[in-house]
Amino acid sequence: MRAMRMATLSASDRAGHAKQGHEHFRYVSVQTGEQPLTRYQGRLKCRYGYGRAAETVNQGDAGQDFVAIRMQDNVCHFVLCDGVGMSYLGDFAARFLGNALLEWMETTPSLTAEGIERYLQDVTDAASKQLEQLQPLDSSPLLLREVLMEKRSQGSQAMYVCGRIALTSGGRKSKVWLAWQGDSRIRLWCNGQEQSKQFQKHCSTNERWSTREGPVGGKPHVFETKASSNDACRLQLYTDGLNDLDAINTYIPDEHIQVLLDAAHTGGLEDDAAFIEIEW
């Protein structure tokens with residue numbers, strides 16, 4: 001709901017950032033600004049970018065997508081969330097869920113389908129309490145405030161993709177774990193061959209997470225695979241603001257992705273766009 005204007009975001013919500021050290025890297029997207037396509041190279045390599053829809057930029061609103069990446073030594077955790085625009089404060093759901101999933105993955109040694117389903121249900125209480133504290137601006141028209149308060153009672157929603165890529169200490173093998181609900185794109189290449197059909201058949205706008213109900217439209221989808229050191233793999237995730245990428249199955253140079261994020265040919269993005277690509 002793009003016309004919704006809310007109380008000022010906290011400093012932590014405004015300040016997206018990237019930090020890196022020796023085999024250590026963290027990036028959190030800025031929902032109130034843009035992130036040009038940027039690269040990081042360690043034992044795992046990644047590219048990431050973020051852009052708000054032209055309408056969102058013009059209105060000075062926060063984007064409804066959220067991206068975060070954390071790399072430590074041989075392990076990478078990542079999350080990409082797309083807030084549901086017709087729900088109450090989809091940007092909140094995307095931000096809350098993204099941060100919560102990152103913390104859960106980093107503190108959970110063994111990731112399982114049962115574990116993430118249980119966690120997505122358990123975290124609804126904390127999300128609902130935070131959502132209750134967010135109030136429409138006092139200057140909002142009375143009718144709009146009433147509509148927003150009704151939407152708030154129904155909860156905030158977001159679609160998500162999250163996962164872990166772990167390299168063995170000797171770099172001989174890698175293990176990939178992914179979980180998702182919604183229509184954000186998940187594409188995987190190994191040794192130049194795309195292997196994305198298993199994700200495409202479980203890509204649905206009817207599936208998402210809700211601050212009120214937890215998983216909606218079914219259980220989280222989970223994918224696991226292993227690869228050897230001889231395999232060259234590339235995982236690409238993006239939200240529907242970058243749907244022009246759907247028809248492209250070859251490697252795309254940085255500058256071409258930036259053209260899509262800028263979207264000057266259409267007067268700006270028609271929808272928020274978030275992008276992550278990880279290579280190992």
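Heads up: numbering here begins at 1 and tracks the sequence.
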[X] side chain vs [Y] backbone, donor-acceptor pair below 3.5 Å:
| X | Y | value |
| --- | --- | --- |
| R185 | D246 | no |
| Q157 | A93 | no |
| Q258 | L37 | yes |
| S128 | T211 | yes |
| T168 | K173 | yes |
| Y48 | Q35 | no |
| T108 | L111 | no |
| Q31 | G63 | yes |
| D262 | V259 | no |
| R52 | D61 | yes |

_Results of side chain to side chain donor-acceptor pair (under 3.5 Å) for Q236 - residues two or more places apart only_ = E277
*State, without any angle test, whether T239 and D65 hold a side-chain donor-acceptor pair at a distance under 3.5 Å.*
yes
_Test side chain to side chain contact (heavy atoms under 4.5 Å, CB included) on T225 and C190; report intermediate values, then the result._
CA-CA 11 Å; T225 190; C190 286; over 6 Å; no
Report whether [X] and [Y] are members of the same hydrophobic cluster (ILVMFWY, side-chain heavy atoms less than 4.5 Å apart, transitive linking).
| X | Y | result |
| --- | --- | --- |
| L80 | L188 | yes |
| L102 | W209 | yes |
| W189 | L178 | no |
| V79 | L242 | no |
| M71 | L235 | yes |

*asked:* Please determine whether the number of non-hydrogen atoms from other residues, nucleotides or ligands lying under 6.0 Å from atom CD of Q121 exceeds 12.
replied: yes
*Does CD in E255 sit with more than 12 non-hydrogen atoms of other residues, nucleotides or ligands closer than 6.0 Å?*
yes
_Identified ring-ring contact (aromatic ring centres under 6.0 Å, His included) partner of W180 from the options F78, F199, Y160_ = F199
Do [X] and [Y] have side chains that get closer than 4.5 Å, going by heavy atoms?
| X | Y | value |
| --- | --- | --- |
| Q72 | H24 | yes |
| H221 | E207 | yes |
| F66 | V28 | yes |
| N249 | R187 | yes |
| F223 | I186 | no |
| W280 | C76 | no |
| I276 | V161 | no |
| V84 | T205 | no |

How close do [X] and [Y] get, counting heavy atoms only, and between which atoms?
| X | Y | value |
| --- | --- | --- |
| C46 | I69 | SG-CD1, 4.3 Å |
| P36 | E34 | CD-O, 3.9 Å |
| T266 | G268 | OG1-O, 2.9 Å |
| G83 | A94 | N-CB, 3.8 Å |
| A100 | Y119 | O-OH, 3.1 Å |
| S210 | T124 | O-CG2, 3.6 Å |

*Let me see the working for R39 and K45 under side chain to side chain contact (heavy atoms under 4.5 Å, CB included), right down to the final yes or no.*
CA-CA 8 Å; R39 280 183 174 269; K45 299 183 289 185; 5.6 Å; no
*Evaluate the ring planes of Y40 and F25, with Trp represented by its six-membered ring, and classify them as parallel (under 30°), tilted (30 to 60°) or perpendicular (over 60°).*
parallel
I need the [X] [atom1] to [Y] [atom2] distance, nearest 0.5 Å.
| X | Y | atom1 | atom2 | answer |
| --- | --- | --- | --- | --- |
| R208 | Q181 | CZ | CD | 9.5 Å |
| T112 | R118 | OG1 | CZ | 6.5 Å |
| I278 | R47 | CD1 | CZ | 12.0 Å |
| I252 | L260 | CD1 | CG | 7.0 Å |
| I165 | C233 | CD1 | SG | 8.5 Å |
| L261 | Y50 | CG | OH | 11.5 Å |

*Begin with the C-alpha distance, continue with both residues' side-chain angles, and end with the deciding distance and a verdict on side chain to side chain contact (heavy atoms under 4.5 Å, CB included) for I116 and W177.*
CA-CA 12 Å; I116 190 170; W177 186 92; 4.0 Å; yes
*Mind running side chain to side chain contact (heavy atoms under 4.5 Å, CB included) on L97 and L120 for me, showing each step along the way?*
CA-CA 9 Å; L97 181 61; L120 288 171; 3.6 Å; yes
